[in-house]
Amino acid sequence: ARIRAISISNTSDRCVFFATASEDGSIKIWNFERRKLIDILHSQIPLKRLRISPNEQYIAAGSSDGMIKIWKLQNRKCLCTIPKAHSEEIRSIVFTNDSQFFLTGSCDKSIKIWRFGGKISLSYTFMNAHDDEIDMICLANHDHNLLSVGADMKIKIWDLERKICLHTIENSHSSFITSIAVSSDN
């Protein structure tokens with residue numbers, strides 16, 4: 001099956017393991033140095049995106065039907081499933097640096113902030129964050145800002161504390177934007 005996502009762990013500035021997600025519903029966890037398969041997590045749905053938490057305790061995965069699944073890496077158990085986290089495909093997942101929140105961006109044009117402490121709960125939703133599907137989100141400035149891009153050819157910069165869009169860069173590309181990244185030094 002087609003591999004749709006990859007996420008890399010970073011312990012002490014070096015990769016120890018990484019994970020891949022596939023349309024067959026599997027997440028494979030790999031040892032980076034040995035380039036060997038460590039384990040396989042199973043889902044019943046095609047997975048489109050995944051992210052390893054910064055504290056390397058969890059993997060979050062999103063599906064084409066808007067479902068989110070969270071696994072605990074220590075015991076490889078699925079902690080929770082959120083069936084209709086979004087109404088359409090989840091295109092991006094990011095964790096805050098402290099692993100207390102994760103954010104999702106979707107084809108349904110929304111960005112959601114999820115509280116991740118013991119029990120997962122929806123903290124906030126930016127409805128119609130873009131005029132078309134959202135392809136990628138990333139955090140910046142020590143998790144104070146969020147950047148989002150998508151099929152509407154816009155780059156948006158969000159203030160996560162005040163829950164507002166600070167700036168929109170219109171027609172930043174001649175076609176839809178599929179990716180965005182920020183430097184590690186913010």
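Numbers for residues simply follow the sequence, beginning at 1. Computed from a prediction, not measured in an experiment: that's the story for all the values here.
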With heavy-atom distances below 4.5 Å as the criterion, would you say the side chains of [X] and [Y] are in contact?
X	Y	result
Ser99	Thr96	no
Phe17	Leu73	yes
Leu139	Leu160	yes
Val94	Arg51	yes
Met67	Lys84	no
Ile111	Leu146	yes
Asn145	Trp158	no
Val149	Phe176	no

Determine, step by step, whether Arg2 and Arg4 satisfy the side-chain contact (heavy atoms from CB on, under 4.5 Å) criterion, reporting the C-alpha distance in whole Å, the side-chain angles of both residues, the deciding distance to 0.1 Å, and the verdict. CA-CA 6 Å; Arg2 186 174 175 186; Arg4 300 294 288 182; 3.0 Å; yes
Expected output: side-chain [X] to main-chain [Y] donor-acceptor under 3.5 Å:
X	Y	value
Lys72	Cys78	no
Ser106	Glu89	yes
Thr168	Glu170	no
Lys112	Leu103	no

Should the heavy atoms of other residues, nucleotides or ligands under 6.0 Å from CD1 of Ile3 be counted, would the total exceed 12? no
Please answer: with hydrophobic residues joined when any side-chain heavy atoms are less than 4.5 Å apart, are [X] and [Y] in the same cluster?
X	Y	answer
Met153	Ile155	no
Ile120	Ile113	no
Leu122	Ile137	no
Ile38	Ile27	yes
Ile68	Ile52	no

Straight-line distance of [X] [atom1] to [Y] [atom2], nearest 0.5 Å:
X	Y	atom1	atom2	value
Glu88	Ile134	CD	CD1	11.0 Å
Ile40	Ser26	CD1	OG	6.5 Å
Asp65	His86	CG	NE2	12.0 Å
Ile70	Phe102	CD1	CZ	4.0 Å
Asp132	Asn128	CG	CG	11.0 Å
Leu50	Lys69	CG	NZ	14.0 Å

Assess, by modelled atom type and distance only, whether the side chains of Ser123 and Trp114 contain a donor and an acceptor separated by less than 3.5 Å. no
How close do [X] and [Y] get, counting heavy atoms only, and between which atoms?
X	Y	answer
Arg49	Ile93	O-CD1, 3.9 Å
Asn97	His142	ND2-CA, 4.4 Å
Ala61	Trp71	CB-CZ3, 3.7 Å
Ser179	Met136	OG-CE, 3.8 Å
Val182	Cys138	CG1-SG, 4.0 Å
Glu56	Ser9	OE2-CB, 3.1 Å

Does Glu161 form a side-chain contact (heavy atoms from CB on, under 4.5 Å) with His144? I'd like the steps, not just the answer. CA-CA 7 Å; Glu161 290 177 17; His144 295 291; 2.6 Å; yes
Would you call [X] and [Y] a salt bridge, taking side-chain N to carboxylate O under 4.0 Å as the test?
X	Y	answer
Lys48	Glu23	yes
Asp131	Lys109	no
Arg91	Glu133	yes

side-chain contact (heavy atoms from CB on, under 4.5 Å) evaluation trace for Ser148 with His130: CA-CA 8 Å; Ser148 60; His130 279 259; 2.7 Å; yes
Does the pair Gln100 and Arg115 meet the rule for a side-chain contact (heavy atoms from CB on, under 4.5 Å), with working shown? CA-CA 6 Å; Gln100 295 299 307; Arg115 182 177 302 281; over 6 Å; no
I'd like to know whether the aromatic ring centres of Phe116 and Phe101 sit less than 6.0 Å apart in this structure. no
Of Thr20, Ile6, Asp39, which is the lone residue that meets side chain to side chain contact (heavy atoms under 4.5 Å, CB included) with Trp30? Thr20
Answer yes or no for Arg34 and Phe32: cation-pi contact, defined as NZ/CZ to six-membered ring centre under 6.0 Å and angle to ring axis within 45°. no
